[in-house]
Structure formats: C-alpha cells, structure tokens
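Below is one structure, written out as structure tokens, with a few remarks after it.
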Amino acid sequence: MSAIKAPKGTYDLLPDDAARRAHVVATAARLFAAYGYRRVVTPEFEETGLFARGVGEATDIVRKEMYTFLDKGERSLTLRPEGTAPVCRAYVEHGLHTWPQPVKLWYYAPMFRYERPQAGRFRQHYQLGVEAIGSSRPEVDAEVIALLGALFEALEVADVRLKMNSMGDAACRPAYVERLRGFLRGRREELCGDCRERLELNPLRSFDCKVASCRAVLDEAPRIADHLCDDCRSHFEQVLELVSLAGLRPELDFRLVRGLDYYTRTTFEFSSDVLGAQSGVGGGGRYDGLIEQIGGPATPGVGWGAGLERMALSMRTLPLPAPGPDAFVVSFADDARASAFALAQQLRGAGFTTELDLAGRSPKGQLKQAGRSRARYAVLVGLDELATGFVRLRSMDGGGEEDVLAAALPARLAALHEE
RNA sequence: GUGGACGUAGCUCAGAUGGUAGAGCUCCAGGUUGUGGCCCUGGUGGUCGCGGGUUCGAGUCCCGUCGUUCACCCCA
C-alpha cells in the first residue's frame, strides 16, 4: 500500500512558504486599498455555462482544460478556471450597476485547469486579480495597469517588462479578422497544422504561434493596429499615454492576442525574464462584451490576473525572519507540568507568544528546545529552591535571571518589553 | 494531448563493470541522576516509485506503468 500524495499539479505550502505567501497577499491588499479596490469572494465552482459563454467555446480553456463534473442534482459545474467571468456574474446577479461606476474589486483565489504541469504552471494555481467594471474610459485601463506595475515594484519582481496591444472592438475587429483570415488562407501552405485549424476557428491565435515558418508569415500579415476604428485608436493612444505618465514603459506587441475570447481593445501582459518558458507573471485587458455575453446588460470592464507562484519564483528573495516566541515555559519537575501548562495559558491570554514542551522532554531537553526556538525568555517552573508561587525568568540571550511571582509574570514581561 | 531527462531514508545525495543498502542534514536520547541553540557519542528511520521480465542472484540490465521535472501547446 503506497502512501497518498498530493494530486498531480498541486502542492502544499508548508509554514515558511505559507508565511511568504501571506506577506505577498498582505502587500497586495494594502496596494488595492490605496487604489480604492475592495475584495470580493466568489465560489470555487460555477455553472459550467458561465465559462462556456464567458470565456468562449473556442478557447483551449473551455475545450480541454476545465474540471467539469455533475453534482448529485445532475447540474454541470466547473471548478473556476479563471477569475473574471465569476466576478462579472456576481456584478450582474447583485445589481452592482446601481453602485457608483466603475465598481472596483479585487480577489485572491485558486484557479483550476487540467494542463500538463511545468515550471510555473500547475493544475491548481492561485491568482491575485482586479476588475474595474462599468466604465469604458481609458483612465480605467491605465489605472489597473499602473496598479499591477506598482504591485510588481512593491514585491521586487525581477526584470519585468510590459507588453501592450489593442484587439479592437465589435466595430472594427470582425472586418480585420476577415482580412487576416483571407491573408492567411493565401499562405496556408506555409502554416503549421495548428495554425491551419486556427485559421477557421480564430485566426488571431496564430499570432502567438512559435513555429518559425508561421512567425515569418505572421510578420507580413496585416496588423490590427493598422485597422482599428477611430474610437479604438483614440482609446489605445490615451491608455498608452496615461500608462507612460504612471512611469511605465509599455512595449507595443502585435503578437499579444491572449487566449480568452472576451478581450476587446486593450490587452497587456507583464513578463519576467527570470521565469523560463512560462514568462507571464500577470496580464489582462478590457472586456467590454463579456457581461452581455453572460446575459447581463452591455457593460464595459477591464482587469487582470497575476499568478502567485510565478510572482514567488521571480521575486528577489526576501528571507522572512520568523521570530521566536516571547516565552518558553520549562518544567523542572513532573508535578510542575500542570502549573507550567496553566502559566503558558495565562501568558498567551496576556498576548505573549508562548511555547511549552509537549513531548515529555527532560528539563535539559526543554531548555535546548527553548534555545532552538529562539525564544526571548525561558520561564523555569518547579525549581526546588523557588519559594511557592515563584517562577524563574531567564533572558535567553543575556542569561540574566530573576525570580518572579507567577501571577505577576505577564506584567513583568510587559515591563521588560517596554525597555 | 506530444517529446526529453529523472525517480535510493523526512531533506540533499553516494552506491564503475549485476552479489543482496550508505553519508551529511533533520529528528530523538545521552555526555555523572535538575539547566541553552555549538560540540561529542549513540539511536530512530528505506517494500531502493510500482508491476513484470532476464539471471543462481537486480538498487544496478530490459519492458510496462505511475510520479517528478523541462519543453511544446496554452496561460497566471
């Protein structure tokens, strides 16, 4: 009988890593608050239709990467593969269009995709994300991008670059897609098998194909930037200007098309060179048609998601100095263990982080643990020479000792803490 | 879904040409019966991923399988 291991593509965060993760999330939360974003929590699973309609039937995510199952009521449910559609669903369901627009939300949640794991890619991964729903103004695009840039700066994510593109909208994209399709059909013989399929399904996807022959063809293909309608062009120019004002240096990248169908106009991605093949740490864009697509009123929105695992991989490592407890209570006699236990409870109640031997160690062993735990003070209980009611308080760095009435210990520790 | 590399104690790894398992770290205990993270000594801990095969004999060779990992694909 072999022991059970964590499922493929998942991982455990042991205390040191969990503490680092908490630090990242706390840093992000402060930043979100500064920008006026409030946290939203949505379910881990949704009706399958939300993603099929929202993310797009033609996307890889929907076609082959979703964890979909029937529950006991024969409902088709799917573990959330991405964060935007659920937040939009909640926006519609709770009538958030009655709030001041745009509604600015953030989330920290696990995402599930059935993929082959590799560096920086998991079947359950965590994303930090924001969505600003209800305004189509370029300032909103710029704000969310600036926010993500600020987050990477605050976390010291190494060697990040910002790539941006515009995907056009319902007014100009359809005509452009047809033009692109026509061009690619003419060069069909030079394309790889995948791209020949994409040709019919979604020719835009060929732009991020890595096959050399395809890249050569796409280099010569008509570019969306040259076929944007006036509104889209103007919007994109304003976003670029504002993003630059925020101190970022966006690089235009006509290959940046992203694999979710809901994107319109602005798309962007931050990548880090230290990551390997999966270089994108965070990315997103505008999705002005999504809410209508999932059955709500036509409502513009823009947002991004950023992968916690990839952030952790690309952060310049900051050693977290896990502090030791304030006190370690040591019993010097077996019949003192109960009062040691009670004393530890008393100290914890007074707000001091307190450890106590739970393994039946000898006094020497307990003191050794106190040292290894880097406790500031050891509290010695049950010494023969102590007067009743007294314990001995020893500083673990200096070694200085004093005998204190047990009942007065919290006050004495507080006083020492003041010094 | 495709391809490459790898799978020996909790962790990092050693085990030439097949002969029946080791180190360091961790953990635990001792170092004169009641006192510190270092040091010293000892100890716990392994169906050598799993299943077949070849062989008198396999951790070492072959096949399969599962897992890890890197890349493709796609994305965070």
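Small disclaimer: the values here were computed from a predicted structure and weren't measured. The chains referred to below are lettered A, B, ... by the order of the sequence lines, with proteins before strands, and numbering in each begins at 1.
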Sugar-phosphate only, base, or nothing, as touched by A/A277 at under 4.0 Å among non-hydrogen atoms: sugar-phosphate
query: Contact class for A/R116 vs. all strands (heavy atom < 4.0 Å): base, sugar-phosphate, or nothing?
result: base
task: Without swapping roles, check the side chain of A/T78 against the backbone of A/R80 for a donor-acceptor pair under 3.5 Å.
output: no
- prompt: Using purine N1 to pyrimidine N3 plus N6-O4 or O6-N4 for Watson-Crick, or N1-O2 and O6-N3 for G-U wobble, both under 3.5 Å, which nucleotide pairs with B/U20?
  reply: none
- request: Looking at every strand, decide which applies to A/Y126 at a 4.0 Å heavy-atom threshold: base, sugar-phosphate, or nothing.
  value: nothing
- request: Report which part of the nucleic acid A/E401 touches: base, sugar-phosphate, or nothing (heavy-atom distance under 4.0 Å, all strands).
  value: nothing
query: With a 4.0 Å cut-off on heavy atoms, is A/L260 in touch with a base, just the backbone sugar-phosphate, or nothing at all?
result: sugar-phosphate
query: Can we say A/K163 and A/E251 salt-bridge, meaning some charged N sits less than 4.0 Å from an Asp/Glu carboxylate O?
result: no
message: Does A/G284 reach a base, just sugar-phosphate, or nothing at all? Heavy atoms under 4.0 Å.
response: nothing
message: Which nucleotide wins on minimum distance to the side chain of A/K8, given the candidates B/G34, B/G36, B/G67?
response: B/G67
task: Determine the contact category for A/S395: base if any of its heavy atoms lies under 4.0 Å from a base atom, sugar-phosphate if only primed atoms, P, OP1 or OP2 are that close, otherwise nothing.
output: base
Pair partner, B/C72 [Watson-Crick or wobble, under 3.5 Å]: B/G1
- request: Pull up the glycosidic torsion of B/A9 and say syn or anti, syn being anything within 90° of 0.
  value: anti
message: Need one value for A/G399: base, sugar-phosphate or nothing, where a base atom within 4.0 Å counts as base even if backbone is also close, heavy atoms only.
response: base
query: So what does A/G283 touch, heavy atoms closer than 4.0 Å: a base, only the sugar-phosphate, or nothing?
result: sugar-phosphate
message: Base, sugar-phosphate or nothing for A/E65? Non-hydrogen atoms, less than 4.0 Å.
response: sugar-phosphate
query: Out of B/G34, B/G36, B/C72, which has the shortest distance to the side chain of A/Q118?
result: B/C72
Pick out the pairs of N or O atoms, protein on one side and nucleotides 24-27 of chain B on the other, that lie under 3.5 Å.
from	atom 1	to	atom 2	distance (Å)
B/C27	OP2	A/R372	NH1	3.0

- request: Output yes when A/R20 and A/D17 qualify as a salt bridge under the 4.0 Å nitrogen-oxygen rule, no when they do not.
  value: no
- request: Examine B/G36: is either OP1 or OP2 under 4.0 Å from a nitrogen or oxygen in the side chain of A/K368? Give yes or no.
  value: no
task: Please check if any side-chain donor atom of A/E131 sits under 3.5 Å from a side-chain acceptor atom of A/Y287, or the reverse.
output: yes
query: Are A/E46 and A/R89 ion-paired here, with the side-chain N under 4.0 Å from a carboxylate O?
result: yes
